[in-house]
Structure formats: C-alpha cells, structure tokens
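Residue numbers count from 1 along this sequence. Computed from a predicted model, the values in this text were never measured in an experiment.
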Amino acid sequence: QTHFVESGGGSVQPGGSLRLSCPASGFSLEYSAAFWFRQVPGREREGIAYVSSGGAATLYGGSAKGRFAISKDDAKNTVYLDMRNLAPWDTGLYFCAAGPTHYSNMATMKAHQQSIPYWGQGIQVTVSP
C-alpha cells in the first residue's frame, strides 16, 4: 500500500533548485517523524533528511547539509524537501517516509529504515548540464 505520492521531481541543471512534496494518505503526520531517502542504482538507499513529529529536530545526510531543508505541514498532512544548489551527485530516486519512531542520528535511521511503516513509491530527480 502506498501511503505517499511524491511530486516535484524532474530534471534540473546543476545549481538549480527543486521542491519535493509528499502528501500523506491513510494516516496523520501529526504524531509521526518524517524522512527522505535516496536510492541510486548499485548503491544502498541512503538517508537524506529527517524531521521529528513536532518539527523542532532535523537531521541531514552529509551531502544534504546546508543545501536541503525538510519540513512538514501537519494541516496539509504533507512532507516537503527543499533542495537548492543541486549537483549531479544528487541524482537519484527520492522516497518520503514516516513513522512513529524518532532518531537521534542518521546512521541509526539508515540502519532501521526497514522498520519505518509508511513509504511513497519514489520520484526521480536528475541533475545534469
């Protein structure tokens, strides 16, 4: 069952920006932490960003720090990922996810991603000249 439908992906030139949106269905984001992951062919799925249920705490993977911003709007039941200064290595299939468990670091989040209950199908982001 798909709990999110991601939108906002596509192709962009290096240095450009994108905003990924992820409205949830079938459950409320209000009491859920939310996540963004990225999958590149031949590599493990990596954690990109995390936001706590209340929105006060955020975590970012190394490549995303300073360029990406995760947020969630509980009134719209939607998770966002604002990406700026995009580079070719940001290319990949981006997944949003949510669940009741909160994390204090990206390594633990990545290690326990299989236990996150709500996922989208993924949306492609391609950064190329």
Side-chain angles (χ1 to χ4, degrees):
Q1 181 179 359
T2 300
H3 297 94
F4 290 102
V5 179
E6 297 96 338
S7 66
S11 296
V12 64
Q13 292 185 338
S17 300
L18 285 174
R19 185 182 219 202
L20 304 184
S21 299
C22 201
S25 63
F27 74 101
S28 173
L29 278 171
E30 184 176 2
Y31 302 107
S32 298
F35 316 84
W36 285 95
F37 289 87
R38 179 172 65 212
Q39 179 77 60
V40 177
R43 297 178 62 179
E44 293 184 344
R45 189 164 58 190
E46 62 175 321
I48 297 299
Y50 155 91
V51 62
S52 61
S53 59
T58 55
L59 298 170
Y60 295 95
S63 65
K65 290 179 182 178
R67 299 185 300 125
F68 293 7
I70 186 174
S71 60
K72 69 187 189 84
D73 185 333
D74 292 337
K76 295 182 178 180
N77 215 32
T78 299
V79 183
Y80 301 97
L81 184 67
D82 290 291
M83 306 184 290
R84 62 181 179 88
N85 195 21
L86 284 160
W89 54 83
D90 295 316
T91 294
L93 190 63
Y94 284 71
F95 296 87
C96 62
T101 303
H102 290 65
Y103 297 94
S104 59
N105 63 78
M106 295 297 289
T108 303
M109 174 181 130
K110 179 182 177 182
H112 291 87
Q113 61 180 281
Q114 297 301 328
S115 66
I116 299 172
Y118 306 119
W119 287 85
Q121 290 187 318
I123 190 164
Q124 181 67 32
V125 171
T126 302
V127 185
S128 64

Next item on the list: Could you tell me whether the side chain of Asn77 reaches within less than 4.5 Å of the side chain of Pro23, counting heavy atoms only?
Entry: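 When only atoms from C-beta onward are counted, Asn77 and Pro23 do not touch, as no gap falls below 4.5 Å.
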Notebook entry, point to check: Taking C-beta and beyond as the side chain, do Cys22 and Trp36 meet within less than 4.5 Å on heavy atoms?
Noted result: yes
Look at the side chain of [X] and the backbone N and O of [Y], then say whether any donor-acceptor pair between them is shorter than 3.5 Å.
{"X": "Ser115", "Y": "His112", "answer": "yes"}
{"X": "Lys72", "Y": "Leu29", "answer": "yes"}
{"X": "Gln39", "Y": "Gly92", "answer": "no"}

Margin query: According to salt bridge (Lys or Arg N to Asp or Glu O under 4.0 Å), does anything in residues 95-105 pair up with another residue at least two apart or in another chain? List the pairs.
Written below: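 Sorted pair list comes back empty.
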From [X] [atom1] over to [Y] [atom2], what is the distance, rounded to the nearest 0.5 angstrom?
{"X": "Thr108", "Y": "Leu59", "atom1": "OG1", "atom2": "CG", "result": "9.5 Å"}
{"X": "Ser63", "Y": "Arg38", "atom1": "OG", "atom2": "CZ", "result": "4.5 Å"}
{"X": "His3", "Y": "Ser25", "atom1": "NE2", "atom2": "OG", "result": "7.0 Å"}

Next item on the list: Keeping to residues at least two apart or across chains, list the ring-ring contact (aromatic ring centres under 6.0 Å, His included) pairs with something in residues 38-68.
Entry: Phe35-Tyr50
Pairs of donor and acceptor atoms involving the side chains of residues 82-89, under 3.5 Å and at least two apart or interchain, shall be tabulated with distances.
residue, atom, partner, partner atom, Å
Asp82, OD1, Arg19, NE, 2.9
Asp82, OD2, Arg19, NE, 3.4
Arg84, NH2, Gly66, O, 2.6

Among all residues two or more places apart in sequence or in another chain, which pass the side-chain hydrogen bond (donor to acceptor under 3.5 Å, both in side chains) test with [X]?
{"X": "Gln124", "answer": "Thr126"}
{"X": "Lys76", "answer": "none"}
{"X": "Gln13", "answer": "none"}

Checklist line | Identified ring-ring contact (aromatic ring centres under 6.0 Å, His included) counterpart of Phe4 within the set Tyr80, Phe95, Phe27 | finding: Phe27
Which pairs, with at least one residue in [range] and sequence neighbours excluded, count as a disulfide bond (SG atoms under 2.5 Å apart)?
{"range": "residues 40-80", "value": "none"}
{"range": "residues 27-59", "value": "none"}
{"range": "residues 47-93", "value": "none"}

Item checked: side-chain contact (heavy atoms from CB on, under 4.5 Å) involving Gln113 - partner list, sequence neighbours excluded ->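 Result, side-chain contact (heavy atoms from CB on, under 4.5 Å) vs Gln113: Phe37, Arg45, Lys110, Ile116, Trp119.
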Notebook entry, point to check: Can you name the residues that form a ring pair (Phe, Tyr, Trp, His ring centres under 6.0 Å) with Tyr94, not counting sequence neighbours?
Noted result: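 If we apply the ring pair (Phe, Tyr, Trp, His ring centres under 6.0 Å) test to Tyr94, skipping adjacent residues, there are no hits.
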Under 3.5 Å, which donor-acceptor pairs do the side chains of residues 96-104 form with other protein atoms, sequence neighbours left out?
residue, atom, partner, partner atom, Å
His102, ND1, Pro100, O, 3.2
His102, NE2, Ser53, N, 3.0
His102, NE2, Ser53, OG, 3.0

